[in-house]
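So the structure is just underneath, and the comments pick up after that.
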Number of protein chains: 2
Amino acid sequence: MKRAARNVIPRKAVYRLSLYHRCLNKLRHNGITTVSSEALARAAAVKPTQLRKDLTYLGQIGRRGLGYDVEQLAQMIADTLGTNSLQPVILVGVGNLGAALLAYRGFEPEGFEIVAAFDAVPQPRRREGPPVLPMDRLAAFVAESTVRMAVLCVPAHAAQEVANQLVAAGITGILNFAPIVLAVPDDVVVNNVNLAIELENLSYFIQG
Amino acid sequence: MKRAARNVIPRKAVYRLSLYHRCLNKLRHNGITTVSSEALARAAAVKPTQLRKDLTYLGQIGRRGLGYDVEQLAQMIADTLGTNSLQPVILVGVGNLGAALLAYRGFEPEGFEIVAAFDAVPQPRRREGPPVLPMDRLAAFVAESTVRMAVLCVPAHAAQEVANQLVAAGITGILNFAPIVLAVPDDVVVNNVNLAIELENLSYFIQG
DNA sequence: AATTGTGAATTGATTCACAGCT
DNA sequence: AGCTGTGAATCAATTCACAATT
């Protein structure tokens, strides 16, 4: 039997929900408790109607004539995205980029924690932060934990092989920094972050 | 007078053109000189019809019954994207992420070169690679060079202020890693790379 | 015979316009 | 009066189906 057909939110709308969530946190931080679609849309650089349309995916949550309760809306978005509790993530490939992401303190405020890193040749010299383990510990680690998401920072030539290992271990979401198209089963989700492609894209659009 | 209205290629199509370009390079590397839309589409994980439609933005380039000339198609895409010559890029904010990107050897093969980096407090300890300069050198550096694109890796609280400086200096394309929505003039293009948003997105789509 | 190029059809996303609450 | 929620309308992207070309 296929997975139950949750009424799915379009990918672009999910991105924007993340964005709204970040803006709401900022508002909350400033002690603001209520916000109109117009104000929130401005903060997120989208149109108010698009914001309202996006929010209908969560059900009815605003109050006409008043706006949205900042706290409640943030909560509902977090519920929907599944980021209400701190989510464990593993990182594979502790090279330049991988090490930088390990050291980056920006994930936890957003609800993600890198619980372990893996590398073919883990350097023993580690300060604080998550343990860096050899690749052969990967399968057992994932099996014993609730981790479902991995950040993949290995070189392109190794990426497909490592992705296969991740999938075999039970990982179902991969944030892929390697500049290749990963082949994975249908039930595994891959998000690609490709810096060269982003630069090429910029390059095209700035040509005047 | 407004900029001449080049018949513009949709952003998503530009992304895919980058992707095709990468695949073509791989084919070329393997000594393959001709490819069908079906084969290339499979390599890029898109549908053949979409590939062909995307390529029509470049004009007519394939040969019916035969397919595409790998070399020629790669060339035309590079021409269109403006990545035929090595493009200079600056990087601002040499923290964890910025340092990792500086050390990352993956840009040059794709046609980009980080020609200088800037930081509020540049560390003197530098091995090889581009110079790391103090922020107050930014304006002069950009003025004297042909750089138009910048990679922005400063912390969120500084990002808008630094973006203003970049724009004032004449930068027209920004690859922004800071988790905020930058306000820039219309003629400046911003591409956002937001790791937390990518993770939240994954988080949603792996929920079963 | 094989494979591109493309108008037409379809699907999806965004915006509009206004009804419906508070 | 103010602001949300949403069906309808518009706009954009994708896919189909097949004519055109080698």
Side-chain angles (χ1 to χ4, degrees), chain A residues 5-20 23-24 27 32-77 80 181 201 204-205, chain B residues 5-20 23-24 27 32-77 80 181 201 204-205:
Chain A
R6 234 172 6 130
N7 52 336
V8 79
I9 307 177
R11 179 173 285 233
K12 295 186 84 173
V14 174
Y15 272 108
R16 288 190 300 264
L17 287 173
S18 281
L19 196 54
Y20 306 152
C23 296
L24 287 165
L27 293 173
I32 293 162
T33 59
T34 292
V35 69
S36 70
S37 63
E38 186 177 327
L40 184 53
R42 192 168 35 244
V46 304
K47 297 229 162 64
T49 52
Q50 177 151 78
L51 168 63
R52 294 205 298 274
K53 185 68 105 179
D54 287 341
L55 294 186
T56 62
Y57 293 120
L58 310 179
Q60 291 192 196
I61 189 65
R63 289 204 299 171
R64 300 181 192 215
L66 280 166
Y68 301 89
D69 182 285
V70 170
E71 183 73 29
Q72 183 194 9
L73 182 52
Q75 190 59 39
M76 284 200 81
I77 294 178
T80 303
V181 178
N201 193 266
Y204 174 77
F205 284 106
Chain B
R6 229 165 21 118
N7 50 337
V8 78
I9 307 177
R11 180 174 282 230
K12 295 186 84 173
V14 174
Y15 272 108
R16 288 190 300 263
L17 287 172
S18 282
L19 196 55
Y20 307 152
C23 296
L24 288 165
L27 293 173
I32 293 162
T33 59
T34 292
V35 69
S36 69
S37 62
E38 186 177 328
L40 184 53
R42 191 168 35 243
V46 304
K47 295 230 163 65
T49 52
Q50 177 150 76
L51 169 62
R52 295 205 298 275
K53 186 68 103 179
D54 286 341
L55 294 186
T56 62
Y57 293 120
L58 310 179
Q60 290 191 197
I61 188 64
R63 290 203 299 172
R64 300 180 192 218
L66 280 166
Y68 301 88
D69 182 286
V70 170
E71 183 72 30
Q72 183 194 9
L73 182 53
Q75 190 58 41
M76 283 199 80
I77 293 177
T80 304
V181 178
N201 194 265
Y204 174 76
F205 284 105

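Residue numbers start from 1 in every chain, and the chains themselves are labelled A, B, ... in the order their sequence lines are given, proteins ahead of strands. Everything numeric here is computed off the predicted structure, so don't read it as measured data.
Residues B/S18 and A/Y204 have side chains not in contact (no heavy-atom distance under 4.5 Å, counting atoms from C-beta outward). Between A/I9 and A/T80, some side-chain heavy-atom pair lies under the 4.5 Å cut-off. B/I61 is not listed as a side-chain neighbour of B/T56, based on a closest heavy-atom distance of 4.5 Å or more.
When the nearest nucleotides of DNA chain C are assigned to B/G65 and B/K53 by heavy-atom distance, the more 5′-ward of the two goes with B/G65.
For residues 63-72 of chain A, the pairs satisfying side-chain hydrogen bond (donor to acceptor under 3.5 Å, both in side chains) are A/R28-A/E71, with sequence neighbours left out.
Here A/R52 pairs with nothing under the salt bridge (charged side-chain N to carboxylate O under 4.0 Å, His left out) rule; sequence neighbours left out.
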key: Audit row: A/Y20, A/L73, side chain to side chain contact (heavy atoms under 4.5 Å, CB included) steps and yes/no   = CA-CA 9 Å; A/Y20 306 152; A/L73 182 52; over 6 Å; no
request  = Carefully, step by step, assess A/F205 and B/R11 under the rule side chain to side chain contact (heavy atoms under 4.5 Å, CB included).
outcome  = CA-CA 9 Å; A/F205 284 106; B/R11 180 174 282 230; 3.9 Å; yes
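The overall bend of the helix from C/dA1-D/dT22 to C/dT22-D/dA1, read as the angle between its terminal helix axes built from five base pairs each, is 0° when rounded to 10 degrees.
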Under 3.5 Å, which protein N or O atoms sit close to an N or O of nucleotides 9-13 of chain D? Give each pair with its distance.
none

Pick out the pairs of N or O atoms, protein on one side and nucleotides 17-20 of chain D on the other, that lie under 3.5 Å.
| unit_1 | atom_1 | unit_2 | atom_2 | d |
| --- | --- | --- | --- | --- |
| D/dA20 | N3 | B/R64 | NH1 | 2.9 |

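Chain B approaches DNA chain C within less than 4.0 angstrom (heavy atoms of the protein), and the contacting nucleotides run 5' to 3' from C/dA2 to C/dA8.
Distance A/L51 CG to D/dT4 P: 8 Å, rounded to the nearest Å. If you take CG of A/D69 and P of D/dC3, they are 16 Å apart, rounded to a whole angstrom.
Contact annotation for A/I61: backbone-only contact, meaning every heavy-atom pair under 4.0 Å involves sugar-phosphate atoms and none involves a base.
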Atom pairs and distances, donor-acceptor, side-chain atoms in residues 38-48 of chain B, under 3.5 Å, two or more places apart:
none

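Residues A/A13 and A/D54 share a closest heavy-atom pair of CB-OD1, 3.7 Å. For the residue pair A/L66 and A/T34, the shortest heavy atom distance occurs at O-CG2, 3.7 Å.
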